[in-house]
Amino acid sequence: MLRPSNEVLTARLVAVTANAIMAETESGAYLKIMPSQKQRTDPLFWESIRAIVKAKLWVPVSKMKHQLLETDWLETVPVG
């Protein structure tokens, strides 16, 4: 099931600092993404984020909390 567009922003990650990620939305606005405590201490998370910044990929970001979505663009619905 696709998430409603009013819940998700499309953002391109543009910079990484020691404890935050800067992103640019499709409309050109900039926002600061604050990783969770678990993400802040996960070296693989930061390696992945740096690769996303380098590749200039667009990612889904929560509109209300300005956090990366764990489920990506699509939300899975259990079958059965």
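Along the sequence shown, the residues carry numbers beginning at 1. Please read these numbers as outputs of a predicted model, since none were measured by experiment.
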Is Ile21 linked to Leu31 within one hydrophobic cluster, defined over Ile, Leu, Val, Met, Phe, Trp and Tyr using a side-chain heavy-atom separation of less than 4.5 Å? yes

Show your working on side chain to side chain contact (heavy atoms under 4.5 Å, CB included) between Val59 and Thr10 and close with a plain yes or no. CA-CA 6 Å; Val59 297; Thr10 302; over 6 Å; no

Leu57 and Phe45: same hydrophobic cluster, using ILVMFWY side-chain contacts below 4.5 Å? yes

Could you walk me through whether Ile52 and Trp58 pass the side chain to side chain contact (heavy atoms under 4.5 Å, CB included) test, one step at a time? CA-CA 8 Å; Ile52 290 170; Trp58 292 84; over 6 Å; no

Does any pair with a residue in residues 45-57 pass side-chain hydrogen bond (donor to acceptor under 3.5 Å, both in side chains), and if so which ones, sequence neighbours excluded? none

Mind running side chain to side chain contact (heavy atoms under 4.5 Å, CB included) on Ile49 and Leu13 for me, showing each step along the way? CA-CA 8 Å; Ile49 292 300; Leu13 304 184; 4.0 Å; yes

Check Arg40 against Pro35 and note the closest heavy-atom contact, atom names and distance. NH1-O, 2.7 Å

Once side-chain hydrogen bond (donor to acceptor under 3.5 Å, both in side chains) is applied, what residue pairs with a partner in residues 23-35 remain, sequence neighbours excluded? Arg12-Glu24, Thr25-Ser27

How far apart are the closest heavy atoms of Val61 and Ala11, and which atoms are they? CG2-CB, 3.8 Å

Can you list the residues that meet the side chain to side chain contact (heavy atoms under 4.5 Å, CB included) rule with Lys65, with sequence neighbours excluded? Ser62, Gln67

To the nearest 0.5 angstrom, please state how far the CD1 atom of Ile33 sits from the NE2 atom of His66. 8.5 Å

Using the rule that Ile, Leu, Val, Met, Phe, Trp and Tyr join whenever any side-chain heavy atoms are under 4.5 Å apart, tell me whether Leu9 and Val14 fall into a single cluster. no

